[in-house]
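Down below is the structure, laid out as structure tokens.
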Amino acid sequence: MLRFYTAGESHGKGLVAILEGMPAGVPVREEEIDAQLRRRQLGYGRGKRMAIEEDRVEILSGVIRGETTGAPIALWVANRDWRPDEPDITRPRPGHADLTGALKYNFRDVRRVLERASARETAARVAAGAVCRQFLEEFGISILSHVTEIGGVCVARRPEGWDELRAAAESSEVRCADPESARQMMAAIDAARERGDTLGGVVEVVALGVPPGLGSYVHWDRKLDARLAMALMSINAIKGVEFGLGFAAARTPGTQAHDEIFWEEGVGFFRGTNRAGGIEGGMSTGEPIIVRIAMKPLSTLRRPLRSVDLVTKEPVEAVVVRSDVCAVPAAGVVAEAMVAIVLTDAMLEKFGGDHLHEIKRSYETYRQRIKE
């Protein structure tokens with residue numbers, strides 16, 4: 001079983017991720033973790049915090065001479081914007097964890113909530129996910145994402161091939177694969193900034209090379225789509241998850257909603273379409289896993305909403321702290337990390353082994369059997 005934990009606050013000394021259950025013998029390159037951390041910091045609409053931070057990982061344990069040892073992996077990302085003596089905040093923001101967190105833990109200062117509830121925590125997730133990505137690469141599994149909507153502006157067209165889609169998204173400031181749609185998204189972000197507002201959007205995440213049979217139909221908590229949905233919904237500000245046709249399947253007749261099955265010598269079973277998004281009955285089908293997440297607008301507004309002071313109970317405007325106008329492009333990078341963690345867990349569950357070589361032997365045997 002693969003598990004990961006994070007610790008740290010938005011303006012504390014730094015963030016820690018502990019990844020437990022990674023087998024021995026997996027090559028880990030620190031520069032590739034740093035590359036994912038840099039991707040998370042980019043994106044049109046990000047705030048001044050990203051100009052302050054320069055996220056880099058320090059591997060504290062679990063990796064010796066560039067290979068995992070099987071022991072827990074501890075990762076450290078320092079905060080340059082460390083503020084140990086900030087004043088109390090008593091004006092909770094609608095849409096954030098502020099008020100409910102203060103009520104739950106009996107706080108009169110919502111800073112004790114927002115420091116941990118901040119999306120800054122996702123840097124630790126990206127670091128842990130970057131280690132898992134390097135494990136998945138050993139089996140030819142790769143993950144990409146692209147923005148399909150921001151502030152009501154939807155992508156108009158997209159490249160046909162996955163490589164072209166990835167390249168187009170990575171070259172865009174909003175990680176949108178269509179240049180004209182990207183320009184319209186950026187204009188919408190500019191307009192929101194001018195009026196003191198924020199914007200949400202939709203990101204599509206794609207996992208390629210995933211073998212059939214990950215997950216299970218046997219128990220609810222082993223279903224792959226359920227595990228992915230939980231992981232993705234745990235990301236700050238995510239309010240919806242859909243696979244394949246998603247909610248459109250509810251409006252589609254059965255003859256057009258499912259993926260017909262074919263077989264070919266030397267290839268084995270395959271589908272003619274991928275309306276299920278690569279998952280049927282809680283298991284991967286072998287087709288690309290396609291999942292979309294909906295992100296709400298961020299709750300810190302320069303034109304703040306109405307609130308109530310925790311101490312005086314007087315009507316006030318919600319607190320304004322440094323934030324982003326739009327973080328949808330960054331959410332895609334965080335979502336990739338969460339998908340990588342879940343798929344790594346599912347691969348270890350299916351193929352077992354304490355060392356990478358054992359897992360590869362089991363994997364190759366399985367692949368040969370299903371091809372035959």
Side-chain angles (χ1 to χ4, degrees), residues 3-18 40-41 46-50 52-53 55 74-128 196-200 230-240 293-328 330-331 334-335 337-338 341:
R3 299 185 294 178
F4 88 101
Y5 301 92
T6 70
E9 286 78 40
S10 181
H11 296 97
K13 289 185 177 181
L15 302 164
V16 176
I18 296 179
R40 176 194 164 276
Q41 292 191 268
R46 300 303 302 275
K48 294 180 180 178
R49 178 75 185 270
M50 293 304 100
I52 297 171
E53 300 296 347
D55 290 344
L75 307 168
W76 167 259
V77 179
N79 286 335
R80 297 179 69 181
D81 192 17
W82 175 36
R83 304 182 194 174
D85 299 313
E86 287 292 286
D88 289 357
I89 294 176
T90 59
R91 294 179 291 150
R93 293 162 292 175
H96 210 282
D98 296 351
L99 176 59
T100 306
L103 294 173
K104 175 179 175 65
Y105 288 102
N106 195 26
F107 296 150
R108 293 167 68 88
D109 170 23
V110 301
R111 185 177 295 282
R112 301 184 184 202
V113 179
L114 66 86
E115 282 291 336
R116 177 59 183 171
S118 167
R120 176 68 183 153
E121 179 266 350
T122 61
R125 301 190 193 203
V126 170
D197 216 335
T198 57
L199 295 180
M230 178 181 175
L232 293 167
M233 283 295 293
S234 75
I235 300 170
N236 310 58
I238 301 306
K239 302 298 286 185
I293 56 173
M295 183 181 194
K296 70 175 182 177
L298 300 179
S299 52
T300 296
L301 303 168
R302 286 194 297 109
R303 193 179 69 184
L305 299 174
R306 291 177 293 178
S307 185
V308 175
D309 190 281
L310 273 179
V311 177
T312 68
K313 310 302 187 295
E314 294 293 322
V316 292
E317 289 185 338
V319 67
V320 179
V321 297
R322 187 169 54 207
S323 185
D324 304 324
V325 177
C326 179
V328 176
V334 180
M338 296 306 293
I341 291 168

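Each residue takes its place number in the sequence, starting with 1.
- In the displayed structure, R108 atom CZ is contacted under 6.0 Å by at most 12 heavy atoms of other residues, nucleotides or ligands.
- Of all the heavy atoms in V110 and D98, the pair that sits closest is CG1-O, 3.8 Å.
- One distance of note links CD of E317 with CZ of R306; it measures 10.5 Å at 0.5 Å rounding.
- Atom CZ in F4 sits 11.0 Å away from atom CG in L75 (nearest 0.5 Å).
- For the pair T100 and V113, the minimum side-chain heavy-atom distance is 4.5 Å or more.
- Annotation: ring-ring contact (aromatic ring centres under 6.0 Å, His included) contacts of Y5 (sequence neighbours excluded): none.
- Listed here is the closest heavy atom pair of S299 and G95: CB-C, 3.7 Å.
- For the residue pair T300 / R93, a side-chain donor-acceptor distance below 3.5 Å is found, with atom types taken as modelled.
- With rounding to the nearest 0.5 Å, the separation of CZ in R303 from OG1 in T198 is 10.5 Å.
- The neighbour count for R116 CZ, taken as heavy atoms of other residues, nucleotides or ligands under 6.0 Å away, is above 12.
- At distances below 3.5 Å, at least one donor-acceptor pair connects side-chain atoms of Q41 with backbone N or O atoms of D55.
- Taking every heavy atom of both residues into account, P92 and S307 meet most closely at O-OG, 2.7 Å.
- Taking each heavy atom of D309 and V316 in turn, the nearest pair found is N-CG2, 3.5 Å.
- With rounding to the nearest 0.5 angstrom, the NE2 atom of H11 is 4.0 Å from the CZ atom of R83.
- Side-chain N/O atoms of S10 and R111 include no donor and acceptor closer than 3.5 Å.
- Put simply, CD1 on I293 and CD1 on I238 are 4.0 Å apart, with the number rounded to the nearest 0.5 Å.
- At most 12 non-hydrogen atoms from other residues, nucleotides or ligands lie less than 6.0 angstrom from CE of M230.
- D197 places a side-chain heavy atom less than 4.5 Å from the side chain of L301.
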Walk me through whether R120 and V77 qualify under side-chain contact (heavy atoms from CB on, under 4.5 Å).
CA-CA 11 Å; R120 176 68 183 153; V77 179; 4.2 Å; yes
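- Across all non-hydrogen atoms, the minimal contact from L15 to A123 is CD1-CB, 3.7 Å.
- Between V16 and W76, the shortest heavy-atom contact is CG2-CE3, 3.5 Å.
- Note that CD of E121 and CD1 of I235 are 9.5 Å apart. Values are rounded to the nearest 0.5 Å.
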Between N236 and V334, does a side-chain contact (heavy atoms from CB on, under 4.5 Å) hold up when you go through it step by step?
CA-CA 10 Å; N236 310 58; V334 180; over 6 Å; no
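- Residues S234 and R125 meet the side-chain proximity criterion, which asks for heavy atoms closer than 4.5 Å.
- Contact check for E86 versus D109: no side-chain heavy atoms found under the 4.5 Å cut-off.
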